[in-house]
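Below, each value reflects all heavy atoms present in this structure, side chains not excepted, and no hydrogens, waters or symmetry copies.
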Amino acid sequence: MTVTQHQSAALYERHRAVLPSWLATYYREPIELTHGEGRHVWDAEGNRYLDFFGGILTTMTAHALPEVTKAVAEQAGRILHTSTLYLSRQMIELAEQVAQLSGIPDAKVFFTTSGTEANDTALLLATGYRRSNQVLALRNSYHGRSFSTVGITGNTAWSPTSLSPLQTLYVHGGVRDAGPYAHLSDGEFITACVADLEDMLGQAQGTVAALIAEPIQGVGGFTQGPDGLLAAFKRVLDRHGILWISDEVQTGWGRTGDHFWGWQAHGQAGPPDLLTFAKGIANGMSMGGVVARAEVMDSLGANSISTFGGSPITTAAALANLRYLLENDLQGNALRTGAVLRERLAEACVDLPVVHQLRGRGLMLGLALSDAEAASATLEHARELGLLVGKGGRSGNTLRIAPPLSLTEAEAREGADLLIEALRRAGAQREAERARADQQAPQAPADRQGARA
């Protein structure tokens, strides 16, 4: 073991001693990332990686983007913190831009420090506005780790308690290739899911506050229903006065390539009533938020502030990051480079038995593998080859591919080739393990007649 490897192992022991056992880390030997540039990061041992996960889709534009680091440094030299009790020019300017980009008419914005807190706020607004604690959510969904957001998370792998301040009604629609409707055509799938929604509403005890849905389920493994599904849902919701919350924490800001927001793939019925965002908006600084119609946003019937939400330094980072994203058309780049990446993976995966399905859009792609063990093995092999990817899915069998939106076509091809090689190695490892197991299995005894012969 080298000195740096020993130091990393010692750091991991310190991690385990003082941090929760449920605070998971990637890899058999966890790595410490020390710095990054563009689409690459380096660990404490000096290894360089092409980053195809961006700290869980959060390094949205690039590592150490000069425009963002300059804005943060300049703001840090002036003032770091004020709170929402004082006027903030940057917060107002960012809110104006986000409101305009959201597509929600007469929109107002509230900034938080995370996607979990953003969804918490959206639930607070919706349940208060509708005077109901009943919420509709999709099966296999993930909306955060707080007490209220765990209560609407349909992915049981990320829901540690059944206790909740909300009554959650789960409906079909988040997973296209599994479940009772998987065999249907897209049109039939939408019809069946709408019927399921109507049936669930018939079982509700009076008023339902809202439906919260990810246009593409992130932690759930980058799964999604057909385009237009949420629009069909919204037509039902509108008849009942139920609000639609679009959880754009992972799908926002052009990552899907086709659209700036995930909800726009379902926009036939108009925009959502509330939209939540976080992750990449400040390129790694802690920021999230809610956009809502003014009528809904202003309905809160009690005092409220935010100590850290919309802070001077996070809004400075977000303004610079958003400006860079728009001026350099990173949504268009996500569409182009995502197509290169998807085509290369699709072609190779035909000959890789370990791969079950390629899903997603733009620079938000998922590879569903045969099982969780194959996904974990591929994650390890990819790191050894110099590529970082994520993992998700209800059973942990899906690789999550979400590089910074400034990814070049050459980097897309390079990353695809590294991932394909990692998949091949994982497949070969699986075959070797099976062969060893077959050799070690006890042989069935020969029948007595054959033994005498």
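- Neither side chain, Thr156 nor Ser159, offers a donor N or O lying under 3.5 Å from an acceptor on the other.
- In this structure, Thr113 contributes its side chain and Ser286 its backbone to no donor-acceptor pair below 3.5 Å.
- Scored by the side-chain contact (heavy atoms from CB on, under 4.5 Å) test, Ala410 finds Thr408, Arg413 as partners (sequence neighbours excluded).
- Side chain of Asn140 to backbone of Gly220: a donor-acceptor contact under 3.5 angstrom is found.
- Taking OH of Tyr26 as the reference point, atom CD1 of Ile31 lies at 11.5 Å (rounded to 0.5 Å).
- Between His172 and Pro180 there is a side-chain heavy-atom pair separated by less than 4.5 Å.
- Between Glu380 and Arg28, some side-chain heavy-atom pair lies under the 4.5 Å cut-off.
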Under 3.5 Å, which donor-acceptor pairs do the side chains of residues 360-367 form with other protein atoms, sequence neighbours left out?
unit_1, atom_1, unit_2, atom_2, d
Arg361, NE, Asp258, OD2, 3.1
Arg361, NH1, Asp227, OD1, 2.9
Arg361, NH2, Asp227, OD2, 3.1
Arg361, NH2, Asp258, OD2, 3.1

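- With sequence neighbours left out, Asn155 forms a side-chain hydrogen bond (donor to acceptor under 3.5 Å, both in side chains) with no residue at all.
- With values rounded to the nearest 0.5 angstrom, Arg255 atom CZ is found 4.5 Å from Leu57 atom CG.
- Of the possible polar contacts, one joining the Asn283 side chain to the Ala62 backbone as a donor-acceptor pair under 3.5 Å is found.
- Although no hydrogens or angles enter the test, the distance criterion places no donor-acceptor pair under 3.5 Å between the side chain of His143 and the main chain of Thr153.
- By the 4.5 Å heavy-atom criterion applied to side chains, Gln250 and Arg400 are counted as neighbours.
- Between the side chain of His63 and the main chain of Gly36, no donor-acceptor pair closer than 3.5 Å is present.
- Distance alone, capped at 3.5 Å, is enough to place a donor-acceptor pair between the Asn333 side chain and the Leu405 backbone.
- At a cut-off of 3.5 Å, with distance as the only test, no side-chain donor of Glu373 or Ser376 sits close to an acceptor on the other residue.
- Within the structure, side-chain hydrogen bond (donor to acceptor under 3.5 Å, both in side chains) pairs that include any residue of residues 88-99 comprise Gln75-Gln90 (at least two apart or interchain).
- Counting heavy atoms from C-beta outward, His15 and Leu23 have side chains that approach closer than 4.5 Å.
- Cation-pi geometry between Arg383 and Tyr27 is met: under 6.0 angstrom from the ring centre, within 45 degrees of the axis.
- When the side-chain contact (heavy atoms from CB on, under 4.5 Å) test is applied to Arg424, the partners found at least two apart in sequence or on another chain are Leu352, Ile420, Glu421.
- Here the side chain of Glu13 pairs no donor or acceptor atom with the backbone of Ala9 at under 3.5 angstrom.
- Judged as a side-chain contact (heavy atoms from CB on, under 4.5 Å), and not counting sequence neighbours, the contacts of Arg14 are Leu11.
- Partners of Arg176 by salt bridge (charged side-chain N to carboxylate O under 4.0 Å, His left out), not counting sequence neighbours, listed by chain and number: Asp186.
- Side-chain N or O atoms of Ser246 include none that pairs as donor or acceptor with a backbone N or O of Glu248 at under 3.5 Å.
- Contact check for Val175 versus Tyr181: no side-chain heavy atoms found under the 4.5 Å cut-off.
- Within the 3.5 Å criterion, the main-chain N or O of His40 finds no donor-acceptor partner in the side chain of Asp51.
- Between Ala377 and Ala426, the shortest heavy-atom distance links the atoms CB-CB, 4.1 Å.
- Aromatic ring orientation, Trp263 versus Trp244: perpendicular (interplanar angle above 60°, classes split at 30° and 60°).
- Atom CH2 of Trp42 sits in a crowded spot, with more than 12 heavy atoms from other residues, nucleotides or ligands closer than 6.0 Å.
- Listed by chain and number, the residues in a side-chain hydrogen bond (donor to acceptor under 3.5 Å, both in side chains) with Glu74 are Lys70 (sequence neighbours excluded).
- With hydrogens and angles left out, the side-chain atoms of Lys391 and Thr398 include no donor and acceptor closer than 3.5 Å.
- Other residues, nucleotides and ligands place more than 12 heavy atoms under 6.0 Å from the CD atom of Glu433.
- Applying the side-chain hydrogen bond (donor to acceptor under 3.5 Å, both in side chains) rule to pairs touching residues 313-328 yields Thr61-Asn321, Ser311-Thr314, sequence neighbours excluded.
- Between the side chains of Arg359 and Thr223, no donor-acceptor pair is found at a separation under 3.5 Å.
- Contact annotation: the side chain of Leu65 never approaches that of Thr69 to less than 4.5 Å [non-hydrogen atoms, C-beta and beyond].
- Within the 4.5 Å cutoff, the side chain of Ile56 has heavy atoms near those of the Lys279 side chain.
- In Phe308, the CZ atom is not crowded: 12 or fewer heavy atoms of neighbouring residues, nucleotides or ligands sit closer than 6.0 Å.
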Might you work through the salt bridge (charged side-chain N to carboxylate O under 4.0 Å, His left out) test for Arg293 and Asp273, ending with a clear yes or no? CA-CA 6 Å; Arg293 290 188 286 112; Asp273 300 289; 3.2 Å; yes

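- With sequence neighbours left out, Glu37 forms a side-chain hydrogen bond (donor to acceptor under 3.5 Å, both in side chains) with no residue at all.
- In this structure, CD1 in Ile313 is found 4.5 Å from CE in Met285, a value given to the nearest 0.5 Å.
- Ring geometry for Phe111 versus Phe277: interplanar angle over 60°, hence perpendicular rather than tilted (30 to 60°).
- With sequence neighbours excluded, the residues forming a side-chain contact (heavy atoms from CB on, under 4.5 Å) with Ala107 are Ala99, Ser102, Ile104, Val291, listed by chain and number.
- Counting heavy atoms from C-beta outward, Thr58 and Phe53 have side chains that stay 4.5 Å or more apart.
- Not counting sequence neighbours, the partners of Arg430 by the salt bridge (charged side-chain N to carboxylate O under 4.0 Å, His left out) test are Asp371.
- The shortest heavy-atom contact between Gln224 and Pro215 is CB-O, 3.6 Å.
- Remark: side-chain polar atoms of Glu431 are not paired, donor with acceptor, to backbone N or O of Ala435 under 3.5 angstrom.
- Of the inter-residue distances, the one linking Leu275 atom CG with Asp247 atom CG reads 9.0 Å to the nearest 0.5 angstrom.
- Environment of CG in Leu19: crowded, with over 12 heavy atoms of neighbouring residues, nucleotides or ligands closer than 6.0 Å.
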